[in-house]
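It should be emphasised that the depicted structure is a prediction, and the values quoted were computed from it without experimental measurement.
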Amino acid sequence: MSFKKDFVWGSATSSYQVEGAAYDDGKGLSIWDVFCMEKGHIYENHNGDISCDQYYRYKEDIKMMKEAGIQAYRFSISWPRIFPNGTGVINLKGIQYYDKLINELISNGIVPYITLHHWELPYELYKRGGWMNPDIPEYFARYAAVIAEHFSDRVENFFTINEPQCIAGLGYLTGVHAPGLKVGAYEIFNIWHNLLKAHGKAVQALREHAVRPIKIGMAPCSTLYYPETESDADVEAARRAMFHLQNGNLNDCVWNIAMWSDPIIFGKYPKEAMEYFDKYMPEISEDDMKLISSPIDFYGHNIYNAIMIRADKNGNPVEVTRYDGFPKTAIQWPMTPESMYWGPKFIYERYKKPFYITENGMSSHDWISLDGKVHDSSRVDMMHRYLREYKRAADEGVDLSGYFAWSSIDNFEWAYGYSERFGLVFVDYQTQNRIRKDSSYFYQKVIEENGENL
């Protein structure tokens with residue numbers, strides 16, 4: 001079957017990572033603005049104040065996307081750029097910026113995909129309790145309604161929340177991301193439930209306020225697993241590891257895909273969640289679950305790597321230790337192309353929604369070579385290997401709708417600052433000069449061929 005003729009080849013970024021203009025044109029503070037002000041959180045105390053300056057250089061960046069044949073751009077909107085206080089008065093200059101961005105994309109033949117929230121919680125809402133505030137789903141719904149009213153005439157595809165696992169797990173459990181808290185299980189499950197209710201409220205608000213029919217999904221991440229062999233036992237063990245909690249470890253629970261996606265698709269939390277964590281759960285009503293499971297149109301997932309699993313003699317999943325010298329990216333994430341076959345395969349089997357890879361890529365040791373070009377051969381090889389596995393899923397009938405390379409351009413990599421480069425385009429942060437990398441030209445060829453020759 002291979003990739004469908006209408007398969008979407010895109011690239012992605014998030015607002016705080018690329019826009020800059022952190023204090024311009026009426027934008028309010030986000031938790032990331034404040035987190036970066038406090039020394040010691042970010043590599044060498046970097047911040048996103050200027051970043052890639054895309055707020056002012058969006059036309060240049062879109063021109064480079066067009067040159068590469070990029071068909072769609074998944075970008076996030078900065079909530080505090082629209083609502084400086086998180087709610088209340090709308091910042092019209094924020095609306096105007098995204099109007100210009102969307103119009104420029106469309107005029108260059110690039111389809112805009114909007115992510116409502118990629119971690120930039122307005123600081124004023126954080127001061128009111130942030131994701132622990134029971135009113136935050138309603139605040140998020142008001143924000144979603146404004147986005148639908150202003151942009152749905154030109155934008156058809158929306159993602160509600162990017163990686164809620166990271167919001168809870170890194171922002172509130174380990175504290176390595178903004179707002180940098182380390183809370184307990186009671187608070188984590190309150191945050192969890194509020195994030196899911198906010199997603200449901202946003203789905204409803206987007207549909208209610210859109211000026212035409214739209215499509216909506218979510219963009220989670222999770223710990224993924226793949227089998228050591230393709231024996232029935234190993235495959236089933238990997239599937240079990242992916243969707244079932246193996247213990248009462250809160251950190252493992254946060255990264256479990258079923259804990260976030262089962263409520264959205266099936267309207268209920270996995271039974272293991274209640275067995276392990278019932279005493280920590282907030283009060284959950286039938287109306288809550290009906291809200292959370294408001295129907296979505298497609299399923300997005302961010303995939304970078306996975307863990308190999310074998311079945312023990314009882315069929316239970318056992319993690320296979322990686323061999324010495326196992327290949328890793330610059331950020332020290334393992335290279336596991338298998339994740340791009342088994343991840344979509346298992347997810348589609350369970351949730352049966354048209355599937356997008358909403359992020360996939362790698363950090364590489366990139367620099368400008370003596371010839372003035374950026375030769376990121378390791379990223380080219382990585383993309384080839386991962387996309388070949390994704391094509392295998394397409395060949396076997398998994399309903400794949402698209403792929404978004406992470407990322408369109410080098411950018412601010414959260415706690416790593418500017419020490420990691422994920423982009424298809426190199427950014428010299430001293431001059432803001434851009435250079436297409438070899439991977440951009442490789443991806444261009446993949447797009448032209450619709451992945452046929454991977």
Side-chain angles (χ1 to χ4, degrees), residues 13-43 45-51 55 75-89 91 94 115-144 146-147 159-184 187-188 190-199 201-202 219-221 254 411-418:
T13 64
S14 84
S15 49
Y16 189 76
Q17 292 180 274
V18 298
E19 283 180 2
Y23 311 103
D24 295 0
D25 288 344
K27 176 187 165 292
L29 288 174
S30 77
I31 56 172
W32 275 95
D33 291 315
V34 176
F35 194 63
C36 291
M37 293 175 190
E38 300 164 353
K39 304 299 183 186
H41 292 312
I42 312 298
Y43 175 81
N45 296 315
H46 295 170
N47 60 59
D49 289 0
I50 299 173
S51 187
Y55 189 80
F75 63 94
S76 73
I77 289 180
S78 170
W79 187 350
R81 202 178 288 286
I82 303 300
F83 282 109
N85 295 315
T87 187
V89 178
N91 176 30
T115 303
L116 292 182
H117 187 62
H118 198 130
W119 311 350
E120 279 190 88
L121 183 70
Y123 187 65
E124 291 300 316
L125 290 187
Y126 169 72
K127 286 158 61 176
R128 300 189 203 179
W131 288 108
M132 290 184 274
N133 185 333
D135 293 328
I136 198 163
E138 188 58 44
Y139 295 144
F140 192 57
R142 293 176 197 168
Y143 163 59
V146 168
I147 299 305
F159 296 96
T160 55
I161 300 173
N162 181 81
E163 296 183 341
Q165 294 86 345
C166 290
I167 295 172
L170 301 181
Y172 288 89
L173 189 60
T174 66
V176 299
H177 280 187
L181 302 183
K182 296 181 180 180
V183 303
E187 291 86 358
I188 284 293
N190 181 38
I191 291 163
W192 200 311
H193 198 54
N194 282 339
L195 280 163
L196 287 172
K197 287 199 293 183
H199 159 78
K201 283 274 190 183
C221 62
V254 165
N411 55 51
F412 177 83
E413 184 49 38
W414 308 113
Y416 294 96
Y418 299 102

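- Ring planes of W32 and W414: tilted class, angle from 30 to 60°.
- Although no hydrogens or angles enter the test, the distance criterion places a donor-acceptor pair under 3.5 Å between the side chain of N91 and the main chain of R81.
- Here W119 pairs with nothing under the side chain to side chain donor-acceptor pair (under 3.5 Å) rule; sequence neighbours left out.
- Y143 places no side-chain N or O within donor-acceptor distance of the main-chain N or O of I82, the cut-off being under 3.5 Å.
- Residue L181 qualifies as enclosed at atom CG: its count of foreign heavy atoms under 6.0 Å is above 12.
- How far CD of E187 is from CG of L173: 10.5 Å, rounded to the nearest 0.5 Å.
- Between the side chains of Q17 and N411, at least one donor-acceptor pair of N or O atoms lies under 3.5 Å.
- Under 3.5 Å, the side chains of N133 and Y139 contain no donor-acceptor pair of N or O atoms.
- Without hydrogens or angle criteria, K27 side chain to A22 main chain gives a donor-acceptor distance under 3.5 Å.
- Using bins of under 30°, 30° to 60° and over 60° for the plane-to-plane angle, the ring pair Y418/H46 lands in the tilted bin.
- Under the rule for a side chain to side chain donor-acceptor pair (under 3.5 Å), the partners of Y23 that lie at least two apart in sequence or sit in another chain are D49.
- Judged as a ring pair (Phe, Tyr, Trp, His ring centres under 6.0 Å), and not counting sequence neighbours, F83 has no contacts.
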Worksheet entry | Working for side chain to side chain contact (heavy atoms under 4.5 Å, CB included), residues L125 and W79 | CA-CA 11 Å; L125 290 187; W79 187 350; 3.4 Å; yes
